[in-house]
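Everything on this sheet refers to the single structure shown next.
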Protein chains: 2
Amino acid sequence: VIELVQVKKTYTMAEETVRALAGVSVTIQPGEYVAVVGPSGSGKSTLMNLIGCLDRPSEGRYRLSGTDVSDMSENQLADVRNRRIGFVFQTFNLLPRLTAYENIELPLIYQGLPGGQRKERVNKRLDQLGLSDRQKHRPAELSGGQRQRVAVARALVTDPAILLADEPTGNLDQRTGQEILGLFRELHQTGQTIVLVTHDPHIAQQAERVIEIRDGLVKRDGAPLKE
Amino acid sequence: VIELVQVKKTYTMAEETVRALAGVSVTIQPGEYVAVVGPSGSGKSTLMNLIGCLDRPSEGRYRLSGTDVSDMSENQLADVRNRRIGFVFQTFNLLPRLTAYENIELPLIYQGLPGGQRKERVNKRLDQLGLSDRQKHRPAELSGGQRQRVAVARALVTDPAILLADEPTGNLDQRTGQEILGLFRELHQTGQTIVLVTHDPHIAQQAERVIEIRDGLVKRDGAPLKE
Ligand SMILES: Nc1ncnc2c1ncn2[C@@H]1O[C@H](COP(=O)(O)OP(=O)(O)OP(=O)(O)O)[C@@H](O)[C@H]1O
Ligand SMILES: Nc1ncnc2c1ncn2[C@@H]1O[C@H](COP(=O)(O)OP(=O)(O)OP(=O)(O)O)[C@@H](O)[C@H]1O
Ligand SMILES: [Mg+2]
Ligand SMILES: [Mg+2]
């Protein structure tokens, strides 16, 4: 269970204070498929980084499966990020000196999975995302959409309990975007939780629930609206 | 006039040869509004980098306003890039230690524009792109869509003769994307040339001409298709 209670994120700068999240309360049950929408700069990525334990709230509480995340040690946090969460970053965040294959393999190395099992899982994702013939390329030798697909593959390779995808199809043509959503649906059907940020109303409509963020606050939280 | 004749771009790697462009011939007249479409990895960004004088063909000729680009000195190339071309990069390529304001101002500093005129032009673009209240933020302190808008502002601030935009709206909601296309249309109406790469068929339909790339080759070149 993902439980945010009156969560705030404030950046204090020299000349201004930015309230990226201004008091957000959201509960997501295991197995839900949630879309997060809202204008550019409204706080979506900030929210995702908090849920993904990559950042801490300035105020408020975040409980993950009943445990307060602020009470977790660095090791426990790293463990949660590694074993339970898969994250597709809006700006991909691939390691520049590793190949596509190695970038996708890395979470499995951290999990201590043996080489043969790693190879099978990485190859499966490379294949599903049309990257097999680019597996030895480093990020600088890949197109924008190929980098995005490597980021997606890396997030899926651990079959995470919680998949957090921050605008996972922005650099992709419609068909490839739909293929990726198909892979997310597959994961969802095994009971995993999916939270995805999108600017595309068609993608939002495929979720079970849509949370609309505006100026760091939840404006709406319910079933997708028909367009 | 942008004139590519049988242009190829080949990457020779340890174990493979990648033909990113496999013989492309395209002529774009001044004042045209062209969309470039095609699957992920098909060669669109490679084509844009060649047109923008950021890269050289492996084979073939590129003539810009009658001059062969391969005959230009480094200074002449820098001059073309600076004074005649505005480029929105697929991955933004902002300077991390400069603020949004300074990133947008930089091309005008290179052009030797006086401070007062620079300030006026930068503020106009900040305002049009909804970035005025974020002008002092550095890229790491901006959302994905805000970074994309800074990249767009920087490309527009010189009112370039040729605007090259590589997927300029992928991280933006529909409304902001349309506002940006409105700014491109404004530039087009002053007689400038626009070449934009997009995965969005609605955006492609707003162009006068659509070039479809597939496997490094031009598959189609003509009026937009009705959907
Ligand atoms: N430095 C490089 N070395 C080897 N191959 C490369 C290099 N740069 C690009 N490529 C390959 O060239 C092909 C074309 O790349 P390009 O970036 O032009 O594609 P694109 O059409 O812009 O794709 P996208 O829509 O995903 O952005 C891709 O298959 C890519 O893997
Ligand atoms: N380190 C920081 N310092 C100051 N302000 C920040 C920082 N990081 C983000 N912000 C601001 O916080 C707000 C929310 O950012 P966030 O990245 O969550 O937006 P977003 O909803 O993901 O937007 P987009 O759709 O453009 O990706 C933005 O207005 C941004 O400028
Ligand atoms: Mg974001
Ligand atoms: Mg590209």
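Below, chains carry the letters A, B, ... as their sequence lines are ordered, and counting in each starts from 1.
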Using non-hydrogen atoms only, which part of [X] is less than 4.5 Å away from chain B: side chain, backbone, both, or neither?
X      : answer
A:S40  : both
A:D166 : neither
A:T91  : side chain

Could you tell me whether B:E212 and B:R220 make a salt bridge, using a distance below 4.0 angstrom between a side-chain N and a carboxylate O? no
Can you tell whether the side chains of B:E105 and B:R118 come within less than 4.0 Å, N to carboxylate O?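 Salt bridge between B:E105 and B:R118, a charged N being under 4.0 Å from a carboxylate O: yes.
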So does [Y] get a backbone contact from the side chain of [X], meaning a donor-acceptor N/O pair under 3.5 Å?
X      : Y     : value
A:K9   : A:R56 : yes
A:S25  : A:Q6  : yes
A:R209 : A:V34 : no

Please classify the contact of [X] with chain A as side chain, backbone, both or neither, using a heavy-atom distance under 4.5 Å.
X      : answer
B:R175 : neither
B:V18  : side chain
B:Q148 : neither

For chain B, the option from A:G41, A:A14, A:A20, A:S45 that forms the most heavy-atom pairs under 4.5 Å: A:G41
Picking from A:K44, A:H137, A:R134, A:E167, which has the most non-hydrogen pairs under 4.5 angstrom with chain B? A:H137
Testing A:T158, A:L156, A:V152 one by one against A:L163 for a side-chain contact (heavy atoms from CB on, under 4.5 Å), which residue passes?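 Going through the options one by one, the only one that passes is A:L156.
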